[in-house]
Structure formats: C-alpha cells, structure tokens
Amino acid sequence: MNDYYADLHIHIGRTHSGRAVKITGSRTLTLSNILHTASANKGLDMIGIIDCHSPEVLEELEEHVRTGKMTELAQGGLLYEKTTLIMGSELEIYDSHCHGPIHVLAYLPTLQSMQAFSAWLSKHMKNIHLSSQRIYCDAKTLQQKVAELNGLFIAAHVFTPFKSLYGKGVKKSLTEVFDPAIIDAIELGLSADTDMVRGIEELAPYTFVTNSDAHSLGKIAREYQKIQMEAANFEELRLALHRKNGRAIASNYGLHPLLGKYHETVCAACGKAVTEGAEICPFCHSKHIVRGVATRIQQLSSATFTPVERPPYIHQVPLEFIPGLGKKTLDKLLTAFGTEMNILHRTTLEQLMEIVAQPLAEKIILARTGQLAFEAGGGGVYGKVKL
C-alpha cells in the first residue's frame, strides 16, 4: 500500500476563454494553472476539481485528453503528470425538507459519466456554467442519480453557519434531508476537526475528509489528507472512503479550528465574540449574530456516545499563514525542496536553516503539528497565528 496526498475540493475561477465559473474565485484559478500548481508546486498526488460539470471546463478536459496532456485512467480519474484529477461538482440543495441551503459534492469516475451528469444537471438548474448552483430537485433524487452513475456523494463543509448540512440545513439529523446509505464521506470544513465532532453519533459510520475549498491557487492544500491506496485513481479512492481492503484515510491535515472563519460566535458588524443565544450584540447593538461552529457542534453532540476510532488529525498551519514567510521566501524554499509537501513533511530543521533564518525554520517545524499559538476566527474572518 502507498501513501498519497489528496485535496478533493478545488474550484475553477475562470475557463480558458475567461468565462466565470466560481464567481468569487480568482481569475488565475484556471484548469491549467490548478494542474501545474497542484503537481509542480504543491506536490499533491490527487486533486478534486468540483466544477467539472461546467460545459467549458468539460471541453478543456476533453481537449487535454485528446492532445495527450492528460490520460483517462481505466479505474477512473484523469492523470496529469504525477497528479490524478478526480472530476467533481459542488451543488446547492434547498428542497422542501431543508431549513436552509446545503452544499454537497458529487464526484464522477469518467468523462462520459461527468458528461451525462452535466446534461442531467442542466435540466435541474438555471445556469449550468456556474459553480455551487442550486439544483431544483430533492436531495435524495440527487443522491440516487450520483449512485446510478457510479459516483461518490459527500456532504460539504458540514458545520459552517451558511450553506451547510448542520449550519442551517437541518435541525438535528442528516436523515431529515439525505438517505444516509448513499453518503460516501463527510467533509469537516475549516473550522472543525475530528476531536471536536467525536460526540456526534450519527457521523460515526462515515469517513471524514479535509479539503481546502480553494478559491485561489495559494489556498490549494491548506487542508488535505494522506490516503493509503494501491494507486491514485477513482476506484481506489472509493475503497479508501469506505475503509475496504486495507485502503483508508491514514491522516487528516487541517487548520487548527481556531484559524477557521467561523469557529466562534461573533457579531458580524463589529467582529467581537458574543455569548451564544444572544440576539443583539452587547457592543454595537447589531442583530447580525453569526453562530460559531464550536457552539453548533456542542448542540449536536452526546456526552454518552462512545467515539469511534479515527485517523490522526494533524493541526498543520499552511505556509502562507506563518508570519514572516512571504512569497519570495516561499519561492526560495520551493526552489530548494521542490514542493510544499516536501517542505511540510520531509525537510529537517537543519535543511530549512540552510535556506531561511533559524526562527522562521523553527516556526515551519512547529507549524507541522500545530504547536503555534492562535487567535480564534469567527463571523467570516480567519483566525491568526500569534507572533
């Protein structure tokens, strides 16, 4: 069995023609740039691009296969140099069973199945060209369609206050909206980790995934996982998510929850932390209170539930979060060590000190295991690494 690093939630900002796909995504977040960055700079073995249903993105993928830039794998996925692309789609569900919109991720194994899925989606949404669009059917119908096409279905960033399963989507249980038997994994999101959610009993059967939800090239691999598989392809990923035949998520790498944008309950107007349950901010008297992920998880957890065993969750601070590590310094490190995966996992303190000053080298080593100090984020503002 081999170890593979994978980030399965990356957006397309623009197509090769300049057409917007993820409107809030960077203009440089194109398919070609993502493939190069993920392979050459980040050192990822597997990526999931979750806007592949968009017709122009599909056309680019088909062109890459025709010209030999990518190879369609027999076991599913597209190979670019040393990185396997898993084709996905992020969708918004807001059916009659939902209390608020829910984002989900659907992954398909082949170009043909993604083409079929895109054609089906075009009959159930207003703009097939854009990312994260509302689909006008119920959640279970979508789940069944993904299963029919031999795909994978994952609930996305399930605790964020907006557009997520537990944020506003359901009152208490995923069974209010989904068929629990057709969920392949749960994506935790940037403001939660495995330890925080250990008391939620209904999540016990599911594998947890940690992904970047990247809206720019720099954000790719700010969260990811190490997966034990025989090879980097779609069917091996399926086995890993269901922990079959020795395949599994070996470890999750993610932001410390305090760095997430929605960890604490805060007033969105003034940015100050407020007591959960408060309807008016005691500081500025605004009514715009954003409930924190930590509070929501406490509401869903049971003190009597015995947690299941999980892979280690490593609080790894992305290089861009480390104070004093700017673009020029990062370029020097990449020149010396090749990829960010090498810098984060394989370099020694002594090797780092040959390129950067000792204080910064020590911060990089501490960042690997989340041993830096943090200021909590909330209300849409990221937390910070303390100096």
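Everything quoted here is computed from the prediction, not taken from an experiment.
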Could you go through the salt bridge (charged side-chain N to carboxylate O under 4.0 Å, His left out) check for Lys328 and Asp331 one step at a time? CA-CA 5 Å; Lys328 290 184 178 178; Asp331 287 343; over 6 Å; no
Is it true that [X] and [Y] fall in one hydrophobic cluster, defined by side-chain heavy atoms closer than 4.5 Å?
{"X": "Ile297", "Y": "Val290", "answer": "yes"}
{"X": "Ile365", "Y": "Leu360", "answer": "yes"}
{"X": "Tyr80", "Y": "Leu108", "answer": "yes"}
{"X": "Tyr94", "Y": "Leu121", "answer": "no"}
{"X": "Leu91", "Y": "Ile182", "answer": "no"}

Hey, is the main chain of [Y] close enough, under 3.5 Å, to the side chain of [X] for a donor-acceptor pair?
{"X": "Asp7", "Y": "Tyr224", "value": "no"}
{"X": "Ser122", "Y": "Ala119", "value": "yes"}
{"X": "Glu72", "Y": "Leu111", "value": "yes"}
{"X": "Glu362", "Y": "Pro359", "value": "no"}
{"X": "Thr265", "Y": "Arg291", "value": "no"}
{"X": "Arg222", "Y": "Ser212", "value": "yes"}
{"X": "Asp95", "Y": "Cys98", "value": "yes"}
{"X": "Glu56", "Y": "Thr15", "value": "no"}
{"X": "Asn233", "Y": "Glu235", "value": "yes"}
{"X": "His242", "Y": "Lys244", "value": "no"}

Measure the shortest side-chain to side-chain distance between [X] and [Y] over non-hydrogen atoms and say whether it is less than 4.5 angstrom.
{"X": "Leu333", "Y": "Ile364", "result": "yes"}
{"X": "Lys42", "Y": "Thr339", "result": "no"}
{"X": "Ile128", "Y": "Pro55", "result": "yes"}
{"X": "Lys172", "Y": "Glu176", "result": "yes"}
{"X": "Leu203", "Y": "Tyr166", "result": "yes"}
{"X": "Val57", "Y": "Val21", "result": "yes"}
{"X": "Met114", "Y": "His53", "result": "yes"}
{"X": "Phe208", "Y": "Pro311", "result": "no"}

Using the test salt bridge (Lys or Arg N to Asp or Glu O under 4.0 Å), find all partners of Lys168 that sit at least two apart in sequence or belong to another chain.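 Not a single residue meets the salt bridge (Lys or Arg N to Asp or Glu O under 4.0 Å) criterion with Lys168.
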Under the salt bridge (Lys or Arg N to Asp or Glu O under 4.0 Å) test, which residues partner Glu63, sequence neighbours left out?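 With sequence neighbours excluded, Glu63 shows a salt bridge (Lys or Arg N to Asp or Glu O under 4.0 Å) to Arg66, given in chain and number order.
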Candidate list Asp195, Asn252, Asp193, test side-chain hydrogen bond (donor to acceptor under 3.5 Å, both in side chains), partner His315, passing option: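 When Asp195, Asn252, Asp193 are each tested with His315, the side-chain hydrogen bond (donor to acceptor under 3.5 Å, both in side chains) holds only for Asp193.
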Excluding sequence neighbours, so at least two apart, what forms ring-ring contact (aromatic ring centres under 6.0 Å, His included) with His215?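 Per chain and number, His215 pairs via ring-ring contact (aromatic ring centres under 6.0 Å, His included) with His11.
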Supply the members, apart from Ile86, of the Ile/Leu/Val/Met/Phe/Trp/Tyr cluster built from side-chain contacts under 4.5 Å; use none for a lone residue.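 Taking Ile, Leu, Val, Met, Phe, Trp and Tyr as members, Ile86 shares its hydrophobic cluster with Tyr4, Leu8, Met46, Ile50, Leu105, Tyr107, Leu152, Ile154, Val209, Ile227, Met229, Phe234, Leu237, Leu241, Ile249.
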CD (Gln112) with more than 12 external heavy atoms under 6.0 Å: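 It does not: Gln112 CD has 12 such atoms or fewer within range.
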Run the numbers on His103 and Glu92 for side-chain hydrogen bond (donor to acceptor under 3.5 Å, both in side chains), then give the verdict. CA-CA 5 Å; His103 279 193; Glu92 182 175 300; 3.0 Å; yes
Write out all pairs satisfying side-chain hydrogen bond (donor to acceptor under 3.5 Å, both in side chains) with one or both partners inside residues 140-153, taking only residues at least two apart or from two chains.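 Checked against side-chain hydrogen bond (donor to acceptor under 3.5 Å, both in side chains) - neighbours excluded - the pairs reaching residues 140-153 are Asp138-Thr141, Lys145-Glu148, Asn150-Arg238.
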Decide whether a cation-pi geometry holds between Arg346 and Phe337; the criteria are a distance under 6.0 Å from NZ or CZ to the six-membered ring centre and an angle within 45° of the ring axis.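 Checked: cation-pi criterion not met.
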Mutual orientation of the aromatic rings belonging to Tyr262 and Phe162 [parallel < 30°, tilted 30-60°, perpendicular > 60°]: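 Plane angle over 60°, so perpendicular.
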Would you please classify the geometry between the His345 ring and the Tyr5 ring as parallel, tilted or perpendicular, with 30° and 60° separating the classes?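 Aromatic pair Tyr5/His345 classed parallel.
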Between Asp51 and Lys22, does a side-chain contact (heavy atoms from CB on, under 4.5 Å) hold up when you go through it step by step? CA-CA 8 Å; Asp51 297 318; Lys22 185 68 175 178; 4.3 Å; yes
Does Thr67 have any side-chain hydrogen bond (donor to acceptor under 3.5 Å, both in side chains) partners at least two apart in sequence or in another chain, and if so, which?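 Thr67 satisfies side-chain hydrogen bond (donor to acceptor under 3.5 Å, both in side chains) with no residue once adjacent residues are dropped.
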Assess the side chains of Asn211 and Glu187: does a donor N or O sit below 3.5 Å from an acceptor N or O?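 Looking only at side-chain atoms, Glu187 and Asn211 do form a donor-acceptor pair, the distance falling under 3.5 Å.
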Hey, is Glu320 close enough to Lys327 for a salt bridge, meaning N to O under 4.0 Å?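 Lys327 and Glu320: not salt-bridged.
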